[in-house]
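One structure is given here, and the rest of the page talks about it.
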Amino acid sequence: MSTRSYQQFIGGRFVDGSGSGSIERRSPATGDLVARYCDGTPEDVDLAVEAARIAFEEGPWPRMSGMERAEVLNRLADLMRTNRDRLVRIEVEEVGKPVRFARGDIDGAAGLTRYAASLAMQMAGLTYTNIGEGKTALISREAVGVVALVTPWNFPALILSQKVPFALAAGCTVVLKPSEFTSGSAFEIAALAAEAGVPAGAFNVVSGYGATVGDHLTGHAGIDFVSFTGSTRTGSRVVGNTSRHLVKSSVELGGKSANIVFADADLEAAADGALMGVFFNNGECCVSGSRLFVQSSIADDFIAKVVARSRKMKVGDPFDDDTDVGALIDHNHLAKVTGFVRSGIEEGAQLVLGGNVATGTVGHFHEATIFDRVEPHMTIFREEIFGPVLSITRFDTVDDAVRLANDTAYGLSNYIWSKNIDTVLTVAKRLKSGWVQANTIIDGAPQLPLTGVKGSGFGYEMGQAGFEEFTQLKTLLIQTGPRAPVFPV
Ligand code: NDP
């Protein structure tokens, strides 16, 4: 296996970073060195912001028609599909996620790009002719300008694609800082974007650490909008950075979602949903259904079913098509997950499956783990674990389920399993989260916006609303014909 090395991508080409350091990425599954990225500096960020500013003020991208931008973005989507195998390999090697989920990520990324292309052609405003004699108002929607994008490590290509093509579709120019762990696909996609026809300077990528590159970028005076996805702690720091220059931001942060199973649900589907909710993407997923709430009348049988299925979960080589849970992102994160498991045991939750680091491998693997009898005061009920660890709590009534689900600092997503439409609609209305799904889980489509409330952040990603984040309105009021004087003539 050869190690991939990336320079910075600034002004439409790969260039040396201004610093001398590099970041080495080792596969979390094997320990092999798989990639090397520049340890970026504030100077690299300044150069990228300047390139994006010139591209926005003078370059062709914002001046192209929506149709022309759509054609370029559709070519990018085609190139992502043509290069699917390479992108999948990079995601598996750098993230440690199972290959079948990585394939879904790249297909999803291409789909998001294609949807964003369609929005480029629909960017439209509003006209008022009913606001007084001789008056016409044109409300136009314009690109917000130069945007800074910061992405996390769990879905590098997918979350990039929830932002970059939407920003480009609006006519913005972009500086992206990917996670220090998983920067490879960002550089690959930037190069594909250039091949597709995105002009020089419209899409720049600067690798580096959050504390240097991320901090400098999100507090940069040359940026017009920041879209961040990551932890709640870093997100609030980013909002502090943007507030220094009164720059608009959108922050998609952590979650601690409830997956509520009512007694009248399709229990086979709900059991699969319970596994999907916590083991998909190694549990490293912001919309994980990591708190499973089961109605008491079916709890013993249902939990037995979930445990029996989870016992069959294959943890190991992420390149194996049969693998369900791959390697966690790094040894620090593995230690964090084992710390949460320890706290669950010490605080009195009942460990019914797993609980250990997976042995016999050099990588950062953790067994599929399930706790029953988890109570709201316990750490594993409250904290985002971001690993393959499920917490189960039993409930009696609809009111109990809603109270328990909302008893969290987060508000990203929640899930309901019931065949009763009244239950689905009334519970969905009462759940405090930006996203609710019923009788399905971690599902979606590019048209559907994602947003958080409470500690899960604010702003929209995907859908028409996600596109509009990268735009702003300008109101032009025109008086035609005579204007009545206001002051004595
Ligand atoms: P972090 O917040 O640690 O990092 C996210 C990104 O921010 C990384 O690129 C990181 O760089 C960068 N960063 C770190 N410090 C700063 C800073 N001071 N200023 C600007 N940028 C900075 O999150 P993780 O990468 O650990 O991702 C996991 C988190 O992301 C979880 O909490 C998860 O819930 C959340 N998430 C939310 C999603 C959503 O849509 N709501 C989707 C996916 C994940 P570096 O890697 O170099 O530290």
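One-based numbering, in listed order, for ligands and for the atoms of each. The model shown is predicted, which means the values in this text are computed figures rather than measured ones.
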Does the side-chain hydrogen bond (donor to acceptor under 3.5 Å, both in side chains) test come out yes or no for Asn282 and His366, once each step is laid out?
CA-CA 9 Å; Asn282 309 335; His366 196 281; over 6 Å; no

Would you indicate whether the side-chain heavy atoms of Lys97 and Thr182 approach each other to under 4.5 Å?
no

Do Thr408 side-chain atoms and Tyr410 backbone N/O form a donor-acceptor pair below 3.5 Å?
yes

Test of understanding: given a 4.0 Å heavy-atom threshold, classify the contact between Val150 and ligand 1 as side chain, backbone, both, or neither.
side chain

Shortest heavy-atom approach to atom 27 (O) of ligand 1 - which of Ser456, Pro152, Gly255, Gly434:
Pro152

Cation over ring face, Arg89 and Phe319, 6.0 Å, 45°:
yes

Do any N or O atoms from the side chain of Lys248 and from the backbone of Val226 form a donor-acceptor pair under 3.5 angstrom?
no

With the side chain counted from C-beta on, respond yes when Pro178 and Leu176 share a heavy-atom pair under 4.5 Å apart, and no when they do not.
yes

For Gly208, the ligand 1 atoms whose distance to one of its heavy atoms is below 4.0 Å
47 (O)

May I ask you to identify, for Leu217, whether its side chain, its backbone, both or neither come under 4.0 Å of ligand 1 on a heavy-atom basis?
neither

With heavy-atom distances below 4.5 Å as the criterion, would you say the side chains of Arg373 and Thr393 are in contact?
no

Tightest non-hydrogen contact, residues Pro156 and Glu91, listed as CD-OE2, 3.3 Å

Arg291 side-chain N/O to Lys256 backbone N/O, donor-acceptor pair under 3.5 Å:
yes

Phe14-Phe9 aromatic ring centre distance below 6.0 Å:
yes

Which atoms of ligand 1 have any heavy atom of Ser179 under 4.0 Å away?
9 (O), 46 (O)

Of the listed options (Val238, Asn154, Asp330, Thr232), which comes nearest to atom 43 (C) of ligand 1 when hydrogens are ignored and any heavy atom counts?
Asn154

Quick check, are the ring centers of Phe386 and Trp153 under 6.0 angstrom apart?
yes

Could a heavy atom of Phe228 be found less than 4.0 Å from some atom of ligand 1?
yes

Which residue owns the protein heavy atom closest to atom 8 (C) of ligand 1, what's the atom, and how far is it?
Thr151 O, 3.4 Å

Residues Tyr415 and Ser413: side-chain donor-acceptor under 3.5 angstrom:
yes

Taking 4.0 Å as the limit for heavy-atom contacts, which would you say applies to Ile159 with ligand 1: side chain only, backbone only, both, or neither?
side chain

Which is closest to atom 35 (C) of ligand 1 by heavy-atom distance: Gly455, Ser207, Gly240, Gly230?
Gly230

Identify which of Gly210, Cys286, Ser413 has a heavy atom lying nearest to atom 42 (C) of ligand 1.
Cys286

Give the residue and atom name of whichever protein heavy atom lies nearest to atom 15 (N) of ligand 1, and the separation in Å to one decimal.
Thr234 CG2, 3.3 Å

Heavy atoms only, cut-off 4.0 Å: how does Glu180 contact ligand 1, side chain, backbone, both, or neither?
both

Classify the ring geometry of Phe293 against Phe381: parallel below 30°, tilted from 30° to 60°, perpendicular beyond 60°.
perpendicular

Cationic tip of Arg36 above Tyr6 ring, under 6.0 Å, 45° of axis:
no

Mark the output for Pro178 as yes if a heavy-atom distance to ligand 1 is under 4.0 Å, and as no if none is.
yes

Protein heavy atom at shortest distance from atom 23 (O) of ligand 1:
Ser231 N, 3.4 Å

Under 4.0 Å and counting heavy atoms only, is there anything from the protein next to atom 18 (N) of ligand 1?
yes

How does Glu384 reach ligand 1, by side chain, by backbone, by both or by neither, if only non-hydrogen atoms under 4.0 Å count?
side chain

The single option from Val45, Thr41, Leu47 passing side-chain contact (heavy atoms from CB on, under 4.5 Å) against Glu43
Thr41

Going by the order shown, which atoms of ligand 1 are within less than 4.0 Å of some heavy atom of Leu450?
40 (O)

When you measure from atom 37 (C) of ligand 1 to each heavy atom in Ile329, Leu253, Thr182, which option holds the nearest one?
Leu253

Just jot down the ligand 1 atoms closer than 4.0 angstrom to any heavy atom of Arg237, in number order.
18 (N)

Of Phe386, Trp153, Tyr410, Tyr209, the one whose closest heavy atom lies nearest atom 25 (O) of ligand 1 is Trp153

Heavy-atom contact under 4.0 Å between Gly235 and ligand 1?
no

Which protein heavy atom lies closest to atom 11 (O) of ligand 1, and at what distance to 0.1 Å?
Lys177 NZ, 3.1 Å

With heavy atoms and a 4.0 Å threshold, my read on which part of Leu412 contacts ligand 1 is side chain

shortest atom 20 (C) of ligand 1-to-protein heavy-atom contact is with Gly214 C, 3.1 Å

If you measure every N or O of Asn241 against every N or O of ligand 1, does any of those distances drop under 3.5 Å?
no

